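Read the structure below first, then the notes.
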Amino acid sequence: MSAEASGSGLELRELVREAETSLLECKVCFERFGHRQQRRPRNLPCGHVVCLACVAALAHPRTLALECPFCRRACRGCDTSDCLPVLHLLELLGSALRPAPAAHRAAPCGPGALTCHHAFGGWGTLVNPTGLALCPKTGRVVVVHDGKRRVKIFDSGGGCAHQFGEKGEAAQDIRYPLDVTVTNDCHVVVTDAGDRSIKVFDFFGQIKLVIGGQFSLPWGVETTPQNGVVVTDMEAGSLHLLEVDFLEGVLRRTERLQAHLCNPRGVAVSWLTGAIAVLERPLALGTGACSTTVKVFSASMQLIGQVDSFGLSLFFPSEITASAVTFDHQGNVIVADTSSQAVLCLGKPEEFPVLKPIITHGLSHPVALTFTKENSLLVLDSAAHSIKVYKVDWG
C-alpha cells in the first residue's frame, strides 16, 4: 500500500510540473503567471493567454493597439480580460507550486543536474529556430531561424544585438538555414538547404564566401580548434572538413573525412580531445520511422564510440530520438532528446553508454546545444522559439 501511495505521489508531482510548464507560464516572457498585477494571466480576443506585463509591452503607448504574438490577430490592450481558469488553477495548485523555484526550471535529478536560470527569445523574436552557436571571443549567442533576417545575434543579457541574412533568392541571401557555427576569428558559417550551399559572413553580416555545388544537402556545421569547419552532407552520407581563409574569403581545401554515413545531421567537436561526434538518422526498414545513432570519431577519424536507439533503450525507459549533440568541457557526449523532451549525458566515447539525464523538465522540442566558457548549457527550444540557459544548481 505504501508503494502505491509513493507511486501516486510521484505521478501527482509529475502532473504539477507539467501544469507549470504547459499551462501556468507566459509563453512570451517565460515567467510564471501569478495573482500580482504584472503577472496576471490575460485573455486576448483570439483566445491566447499572456501576462499583463507582456500586454503592456506589446501594446502601442497611445492607441493601445497590439497583435497577438502567436496568431497575429489585431486587438486592443483594453479588450483583454483576466483568464479565470488559469487563476483558479493557480489557487488549486498553490501549495504544490510554492516549493518550485520557477516554472521553467528543471527539477534536479541528482548531483550535476542542471537548472534553468533564465530564457530569452520568444515568439516573434525567433521563428522556428534551427541552429545555435556561441562566438568564442565575444560570448554572444548566434541563432538561425525562419524570420525575415535569418541570423540573429544576442548579447550576454539576451537582448538582440544584431541581425542579418535576408530571406531571398540572391546568392548572399539565406533561403532555409539548418545550422550555424562561429569560427575562432568571429566569422559566421551557415548551412543553407535552400540552395544547398554553405555561406560565410563576417560578424557584422557582410558576405565573405558562398560554397555551392559541392554538397547534396549540407546540414550540421561546427568549428574545429584549428579554425577549420566540419560539415555533414545528409543526402551524400558524408562528413567533410573545409579549410577556409576567412579574411580573404577563399576556400583553400576540402577533405572528405567519412563516407557511408546514414543520413548524418548534427555534428560536434570536442575542444578537449579533437573528437568528432555525428548524429545519424537511419530509417527503420518498412516503417518510415527514424531511429538515432551517435558515432564518435577520434581526431584521426578512428571510430571510438557508437550507440543507437536500441542500445539507449536498454538504459532509459522511453524512446530516445537525439536531435542535437555537443561535448561538455570534460569530453562527455551530451545529446538532446525530443521524444522525452530531455537532455542526456552519454559519458565519454570509450565508456558508451553511461546514460545520465541532466535536464528532464521545462523543454518542449530541444534542437541545439552548446556550452559556454562558464560551463552553462544553452538549449535552443524550437517549440518555445527561445534559448534556455541551464546551470548546475549547487543549492
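These figures come from a predicted structure and were not determined experimentally.
Ring pair H240/F215: centre-to-centre distance below 6.0 Å.
In this structure, K388 NZ and H118 NE2 are separated by 12.5 Å, a value rounded to the nearest 0.5 Å. Atom-to-atom distance recorded for T224:OG1 and I276:CD1 is 8.0 Å, nearest 0.5 angstrom. Here the straight-line distance linking atom OG of S298 with atom CD1 of I304 works out to 5.5 Å at 0.5 Å rounding. Considering CD1 of I153 and SG of C160, their distance stands at 8.5 Å, rounded to 0.5 Å. We find the OH-CG distance between Y176 and D195 to be 14.0 Å, quoted to the nearest 0.5 Å. Remark: L126 CG to F120 CZ distance equals 8.5 Å, nearest 0.5 Å.
Under the salt bridge (charged side-chain N to carboxylate O under 4.0 Å, His left out) criterion, R252 pairs with D245, not counting sequence neighbours.
Side-chain atoms of T181 and T223 form a donor-acceptor pair, as typed in the model, at a separation below 3.5 Å.
Around the CZ atom of F352, the shell of radius 6.0 Å holds more than 12 heavy atoms that belong to other residues, nucleotides or ligands.
E235 approaches L217 most closely through the heavy-atom pair CG-CB, 3.7 Å. The two residues G205 and H162 have their closest heavy-atom pair at N-NE2, 4.2 Å. Between L134 and G139, the shortest heavy-atom distance links the atoms CD1-O, 3.5 Å.
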